[in-house]
Amino acid sequence: MTDKETKAQSGPRQSLQLHSRLWPLLPWLSAPLSHSDVRFVVGQEQQEVFAHRCLLACRCNFFQRLLGQESGPGVPSPVVLSTVPAEAFLSVLEFLYTNSVKLQRHSLCLEFVVKMLDVELVCEALQVAVTFGLGPLQERCIAFIEAHSQEVLRTRGFLELSAPALLPLLSSDNLCVDEAELVLAARSWARVGAAVLERPVAEVAAPVVRELRLALLAPAELSALEEQNRREPLIPVEQIVEAWKCHALRRGDAVRDAPCRRRRGTVPREHHRFLDLLFK
């Protein structure tokens with residue numbers, strides 16, 4: 001169909017033009033009226049966008065909640081998203097269908113992406129924000145992860161973060177997770193990176209591992225970590241020594257640059273009362 005023929009169409013067929021970016025990757029969307037089972041009306045222009053309910057609900061909790069509200073027999077009503085620009089909505093669909101997207105600053109609707117944030121997708125959104133320098137989106141992603149730390153640490157998206165994206169997380173005081181769990185998560189992240197990059201675990205972890213607050217661990221935990229570190233180097237020996245000095249001198253400021261601030265999710269331990277805990 002030529003551009004002239006496309007423009008000549010009227011009614012719902014005009015909505016097919018919205019899928020032109022997805023056709024090379026998703027040829028079945030070239031006939032949305034026959035194969036889709038959910039219709040969105042997007043933006044002030046009321047553009048129609050057709051999609052597949054099952055895929056959207058499986059890929060994103062936001063759509064699962066949104067589409068789960070519909071019930072009853074007959075043809076479902078269109079889902080109206082009047083405040084979402086069509087270009088931004090298509091970028092989101094492209095990502096959900098293909099797990100990749102070519103983002104442009106003017107097409108990214110921050111408000112909509114923030115609404116879509118969930119445990120499974122937030123790390124991927126954070127990676128996009130860091131890669132493209134989208135400060136406000138990065139802040140919202142970090143705030144979400146701080147509130148859902150334990151769940152996010154168990155996702156595949158966390159393991160696939162780049163070091164620049166992981167660094168602001170490990171430096172946060174507001175993570176709702178204990179340091180022992182964070183050390184385990186950091187080791188799992190480094191193992192995945194080492195396998196992908198074919199580099200030693202310690203080398204992969206080097207840009208971020210300094211943000212781990214080892215002095216918060218109890219002596220028995222620190223001893224176990226030291227033993228494991230001998231078998232599988234992750235943390236520089238001098239960093240572990242700094243933590244032991246904090247224990248020996250019973251002061252968090254005993255060693256310069258040894259982080260001893262509790263995080264929001266830090267489990268209290270007896271020795272914490274001896275440290276210079278500045279968490280407020």
Side-chain angles (χ1 to χ4, degrees), residues 1 3 5-126 128-129 132 134-141 143-144 147-148 157:
M1 181 180 291
D3 291 341
E5 289 172 332
T6 302
K7 293 178 181 178
Q9 299 296 329
S10 61
R13 289 185 177 273
Q14 291 179 345
S15 63
L16 300 186
Q17 299 176 49
L18 289 176
H19 291 292
S20 60
R21 291 168 50 193
L22 298 177
W23 284 349
L25 299 172
L26 308 169
W28 59 87
L29 282 183
S30 61
L33 292 178
S34 300
H35 299 284
S36 63
D37 60 357
V38 60
R39 176 166 61 100
F40 296 92
V41 178
V42 185
Q44 297 180 352
E45 299 81 7
Q46 297 186 339
Q47 300 281 9
E48 287 183 311
V49 179
F50 297 85
H52 301 80
R53 180 185 304 270
C54 180
L55 187 146
L56 298 185
C58 289
R59 285 281 284 153
C60 177
N61 288 343
F62 170 79
F63 280 114
Q64 186 179 57
R65 294 189 297 266
L66 180 67
L67 300 177
Q69 296 173 357
E70 297 185 6
S71 60
V75 178
S77 302
V79 179
V80 179
L81 300 172
S82 59
T83 61
V84 178
E87 184 72 12
F89 188 74
L90 282 177
S91 293
V92 171
L93 286 191
E94 183 179 350
F95 174 74
L96 293 180
Y97 273 94
T98 69
N99 210 37
S100 64
V101 63
K102 293 181 180 180
L103 287 176
Q104 299 178 12
R105 291 176 184 269
H106 70 271
S107 68
L108 181 62
C109 178
L110 175 60
E111 292 79 9
F112 183 66
V113 173
V114 168
K115 287 181 182 179
M116 286 188 58
L117 288 180
D118 61 25
V119 168
E120 295 297 329
L121 291 177
V122 66
C123 285
E124 296 179 61
L126 174 60
V128 169
F132 290 93
L134 304 175
L137 178 58
Q138 178 175 333
E139 292 174 5
R140 298 299 293 270
C141 289
F144 184 96
H148 304 85

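Note that the numbering runs from 1 along the sequence shown for the chain. These numbers come from the heavy atoms of this one structure, side chains and all, not from hydrogens, waters or symmetry mates.
Counting all heavy atoms, side chain and backbone alike, Q138 lies closest to A129 at N-CB, 3.5 Å. Shown here for A125 and L117, the closest heavy-atom pair between the two residues is CB-CD2, 3.8 Å. When all heavy atoms of L56 and A51 are compared, the closest pair comes out as CD1-CB, 3.8 Å.
With values rounded to the nearest 0.5 angstrom, L67 atom CG is found 13.0 Å from H52 atom NE2. Of the inter-residue distances, the one linking C54 atom SG with Q64 atom CD reads 10.5 Å to the nearest 0.5 angstrom. Of the inter-residue distances, the one linking R53 atom CZ with C58 atom SG reads 12.0 Å to the nearest 0.5 angstrom.
For E124, the side-chain contact (heavy atoms from CB on, under 4.5 Å) partners are F95, N99, L121, not counting sequence neighbours. E139 meets the side-chain contact (heavy atoms from CB on, under 4.5 Å) test with no other residue; sequence neighbours excluded.
Side-chain atoms of V49 and R39, non-hydrogen and from C-beta on, never get closer than 4.5 Å to each other.
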Checklist entry - Where do V38 and F63 land on the side-chain contact (heavy atoms from CB on, under 4.5 Å) test, with the steps shown first? => result CA-CA 11 Å; V38 60; F63 280 114; over 6 Å; no

